[in-house]
Undergrad: 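This is the structure, below, for whatever I ask next.
All residue numbers in this chain count up from 1 along the given sequence. Note that ligands are numbered from 1 as they come in the structure, with each ligand's atoms numbered from 1 the same way. As the structure is a computational prediction, the values presented were derived from the model and not from experiment.
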Amino acid sequence: MKQVGVARSHESARAHVTGSAKYVDDLWPSLTGTVHLWPVTVPHAHAKILGLDSERALSSKGVLTVLTGADVPGINDVGPTRRDEPLFPSEVCFHGQAVAWVVAETEAEARSAAALVVVNVEPLPAILSIREALSAQSFHTATERIASGDVEAALARAELRLDGQLEINGQEHFYLETQAALAVLDESEGVFVHSSTQHPAETQEIVARVLGVPRHAVVVQCLRMGGAFGGKEVQANAWAALAALAAKKLRRPARVRLTRQQDLRLTGKRHPFLARFRVGFTRGGKLQALDIELFSDGGWCLDLSAPVLFRAMFHVDNCYAIEHLRVSGQVCRTHNVSHTAFRGFGGPQGMLVIEEVLDRVARTLQVPPHLLREGNFYRRGDCAHYGQEIRDADRIGRIWSELKASSQFGARWREIERYNAENRHDKRGLAITPVKFGISFTTAFFNQAGALVMLYRDGSVQVNHGGTEMGQGLHTKIAQIAADALGVTFDAIRIMPTRTDKVPNTSASAASASTDLNGAAVVSACNTLQRRLAAIAALHFQTAAENIQFDAGHVYPAGQPARAVAFAEIVDRAYLARVPLFSSGYYRTPNLHFDRAKGKGKPFHYYAYGAAVCEVGVSGFTGQYALRRVDILHDVGDSLSPLIDRGQVEGGFIQGVGWLTTEELVWSSDGALLTSGASTYKLPTLGECPPELRVALLARAAEPGVVFGSKAVGEPPLMLAISVREALRAAVAAFGPSGHVVELATPATPEAVFWAIEAARQKQGELRQSSAAQ
Ligand code: MTE
Ligand code: MOS
């Protein structure tokens, strides 16, 4: 039986729910001599460090050392792309930044001693928002541009024009497992680091850099992460480096684990954005020209802000053909935490802008937004503003019409119009929005992967690959892929913890591409092994190797399953015949290119598509709202693992709902994070879940050139949540006169919705007054 396409639970589902799954901080609980680190933090957003006095801390019970920049034998910098991220800073660059780390016998001792370290600082003025950065001209990057057509000329001759802006909120990852690392020295002075990292190879690189040792002296392992969502793509490295530094200095195992509050205060989040736009369109609702300026808040250091901004710029078209489109972008430098990768990686912010523009245009023209949207869809043969052909543009229309039909969109639209006409204080809103998300790292060299597959004489298999498991089900999919690629049962496969000494120089598990890349590398290794085994089986069955079938643990000549022998027997025969039973595999995505100076190329291997219909009910008294029903149709190609894919679609969608509705990051005027716990930062829970959440995967959707015809699924569904924001906006619009533009803050909390309703009512009132006066 084939494994690919079978609906399976996550390979660790039982362990997750019974508590037997291990995370970094659960590993080796009784490791003798383990020391613990605790940060010394400074409560200023920007300050010069004049001096550090550790004397009292050092004489306090259990304290072994206080780590500072002087302890770094290598380079005091953990920046992944630019060397602008000192591990021990000489200047405080965001509120609560760690400037030194106390190491003690117990965590409690380290913690109390950290309070005794005196840091003398001279506070400096701080830049705390995009607006402040703009007026101070404080940037991490120069302006980047992507353009097609002649935007200025097209705007000048457009029939109608609208200008506007949109502020987009950040979002906390809130992975369940906070950042953690455990470092152990080995007898040859090498360091072994258990790290909750999406990118073990980069963690290895940074640990080696800080220690000043070659990379071969560092091994990084990631068994699994308790969620990451992009927050451990580069921001796991510092903790690993600190643990390694302490282990090396004290020659004892060392542990770092952030408390929830430390994690919230020390790590970056989804980038807040400011977008300014000018759009030109026809009376018939065709978008002709669009000019977008994007500014993101990169925080204190660059981190991944440049590629995040680029992905936002690549996604401002979403599913729409706009002949004259120009987008520019710049990363602002502020004294905030360093914002980083977060599911969608800028794509959600880019897409939100165009959906905002479309809604404003639709309301201005007084046409239903869904008609305006579909009227502007890409058609086959169109190219995106960066020059890539939208080869399968038909799919947008197909998903759209299938979803409209299955959700009874038309009938419910009319029903809601009736409901809204009859109810003064309660309104409903219905919206449908599409998603097109480009799959591939836009940094081309990341689009490669390796695997190491090992057969044992009993026919059992260990699979090593470069991807990390963060709950997304990568290992489950890879096990299904390996089972079919070798022709064994699912249980014959064991996926090993991700380690830098099994597959070197791997890419981050990110950009949703881990199955595409690592899956293909595993297939290539399995093919090599199967070819070797086929030769052995061919001898046994006295037939040609091409005739040998491998089928769920049985091996037989094609058409003669009755003659089958066990896979294990063939493996053992191969061993005795001195055939190597392990193989590496490698994959790189073909035909990717992008010329940054010209802003043109083919940055993506393909696109993932989807659409969502959302219905909300809103109270005019309080602004409170509820999701009444959500219908999703999402394109995962031929699903490798339908249950895993459904989980990704549901989870991504709800995480997007959180971003756009409940999750509000609040900082004090001096830059301290006020929402530093789950009690003040409102995550979506079961209560926010619509009572009806109907998720379907697009049928007959095989993607050529991707492993088993599948498509990536990790990030794209997050952007389906834009339908929720648009449904809320439709409900708010129903409180006002037709033809008025609804400005809705992000996140659209009940409070924000309430104020938007008040604004709509005021416009209605003004309209009544002016018609009474006439
Ligand atoms: N799903 C779970 N359960 N936990 C996570 O941390 N991260 C998301 C997505 N789905 C995440 C998740 C992000 S940001 C990405 S890029 C992808 O998973 C990464 O995994 P993939 O490449 O295997 O899809
Ligand atoms: Mo995901 S934001 O690419 O880790």
Undergrad: Near Arg14 CZ, under 6.0 Å, is it more than 12 heavy atoms from other residues, nucleotides or ligands?
TA: no
Undergrad: Would you kindly specify which portion of Ala513 sits under 4.0 Å from ligand 1, judged on non-hydrogen atoms: side chain, backbone, both or neither?
TA: backbone
Undergrad: Hey, are Arg694 and Glu692 close enough for a salt bridge, meaning a charged N less than 4.0 Å from a carboxylate O?
TA: yes
Undergrad: Does ligand 1 come near enough to Thr515 that some N or O of the ligand is less than 3.5 Å from an N or O of the residue?
TA: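 Not met; the criterion fails.
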Undergrad: Consider only side-chain N and O atoms of Glu663 and Tyr681, and report whether a donor and an acceptor are under 3.5 Å apart.
TA: yes
Undergrad: Can you check whether Leu474 has an N/O within less than 3.5 Å of an N/O in ligand 1?
TA: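 Min N/O separation from ligand 1 is not below 3.5 Å for Leu474.
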Undergrad: Which residue holds the protein heavy atom closest to atom 20 (O) of ligand 1, what is that atom called, and what is the gap in Å?
TA: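 Answer for atom 20 (O) of ligand 1: Gln472 NE2, 3.1 Å.
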Undergrad: Ligand 1 versus Glu715, non-hydrogen atoms closer than 4.0 Å: side chain, backbone, both, neither?
TA: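 For Glu715, the contact with ligand 1 is made by the side chain alone.
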Undergrad: For ligand 2, output the ligand-protein N/O contacts shorter than 3.5 angstrom; if there are none, return none.
TA:
unit_1, atom_1, unit_2, atom_2, d
ligand 2, 3 (O), Ala511, N, 2.7
ligand 2, 3 (O), Glu715, OE2, 3.2
ligand 2, 4 (O), Gln198, NE2, 2.8
ligand 2, 4 (O), Gly230, N, 3.4
ligand 2, 4 (O), Glu233, OE1, 3.4

Undergrad: So, Glu177 and Lys232, do they make that salt bridge, N to O below 4.0 Å?
TA: yes
Undergrad: Please write down residue, atom name and distance for the protein heavy atom closest to atom 21 (P) of ligand 1.
TA: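 That would be Ser514 OG, 3.5 Å.
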Undergrad: Select the closest option to atom 16 (S) of ligand 1 among Ala228, Ala511, Gly226, Gly714, judged by heavy-atom distance.
TA: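 The residue whose heavy atom sits nearest atom 16 (S) of ligand 1 is Ala511.
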Undergrad: Do we get Arg257 above Tyr23's six-membered ring, with its NZ or CZ under 6.0 Å from the centre and within 45° of the axis?
TA: no
Undergrad: Which is closest to atom 24 (O) of ligand 1 by heavy-atom distance: Ser509, Gly344, Pro717, Ser512?
TA: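 Nearest option to atom 24 (O) of ligand 1, by heavy atoms: Ser512.
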Undergrad: Using the six-membered ring of Phe174, assess whether NZ or CZ of Arg260 lies under 6.0 Å from its centre and within 45 degrees of the ring axis.
TA: yes
Undergrad: Tyr607 ring centre to Lys436 NZ or CZ under 6.0 Å, with the angle to the axis within 45°?
TA: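 Output yes; distance and angle both within limits.
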Undergrad: For Thr203, which of Val218, Thr197, Val78 qualifies under side chain to side chain contact (heavy atoms under 4.5 Å, CB included)?
TA: Thr197
Undergrad: To check your reading of the model: name the closest protein heavy atom to atom 8 (C) of ligand 1, its residue, and the distance in Å.
TA: Arg343 NE, 3.8 Å
Undergrad: I need the atoms of ligand 1 closer than 4.0 Å to a non-hydrogen atom of Gly230, numbered in the order shown.
TA: 14 (S)
Undergrad: State which residue, out of Gln179, Gln472, Gln198, Glu469, fulfils the side chain to side chain contact (heavy atoms under 4.5 Å, CB included) condition with Met225.
TA: Gln198
Undergrad: Only heavy atoms of Gly471, strictly under 4.0 Å: list the atoms of ligand 1 that pass.
TA: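 Those atoms are 2 (C), 3 (N).
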Undergrad: Which atoms of ligand 1 have any heavy atom of Gly227 under 4.0 Å away?
TA: 6 (O)
Undergrad: I'd like to know if Arg391 and Glu703 make a salt bridge, using a cut-off of under 4.0 Å between side-chain N and carboxylate O.
TA: yes
Undergrad: Going by heavy atoms, is Gly651 under 4.0 Å from ligand 1?
TA: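 Per 4.0 Å heavy-atom rule, Gly651 does not contact ligand 1.
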Undergrad: May I have the step-by-step check of side chain to side chain donor-acceptor pair (under 3.5 Å) for Glu664 and Asn169, ending in yes or no?
TA: CA-CA 8 Å; Glu664 188 170 24; Asn169 56 313; over 6 Å; no
Undergrad: Checking contacts here: is it the side chain or the backbone of Ala712 that comes within 4.0 Å of ligand 1, counting heavy atoms only? Could be both or neither.
TA: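 No part of Ala712 is near ligand 1 at this cut-off.
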Undergrad: Would Phe229 count as being in polar contact with ligand 1, using the rule that some N or O on each side must be under 3.5 angstrom apart?
TA: yes
Undergrad: Please check whether Met470 reaches ligand 1 - meaning an N/O of the residue sits under 3.5 Å from an N/O of the ligand, judged on distance alone.
TA: yes
Undergrad: Pick one of side chain, backbone, both or neither for how Gln648 approaches ligand 1, counting any non-hydrogen atom pair under 4.0 Å.
TA: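 Looking at Gln648 and ligand 1, just side chain atoms fall under 4.0 Å.
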Undergrad: Applying the side chain to side chain contact (heavy atoms under 4.5 Å, CB included) test to Ser338, which of Gln235, Arg333, Lys269, His271 qualifies?
TA: Gln235
Undergrad: For His199 and Phe446, take the angle between the two ring planes, folded into 0 to 90°, and tell me which bin it lands in: parallel under 30, tilted 30 to 60, perpendicular over 60.
TA: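 If you compare the ring of His199 with that of Phe446, the planes turn out perpendicular.
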Undergrad: Would Thr267 and Asp263 satisfy side chain to side chain donor-acceptor pair (under 3.5 Å), going step by step from the backbone distance to the final call?
TA: CA-CA 6 Å; Thr267 68; Asp263 193 300; 3.3 Å; yes
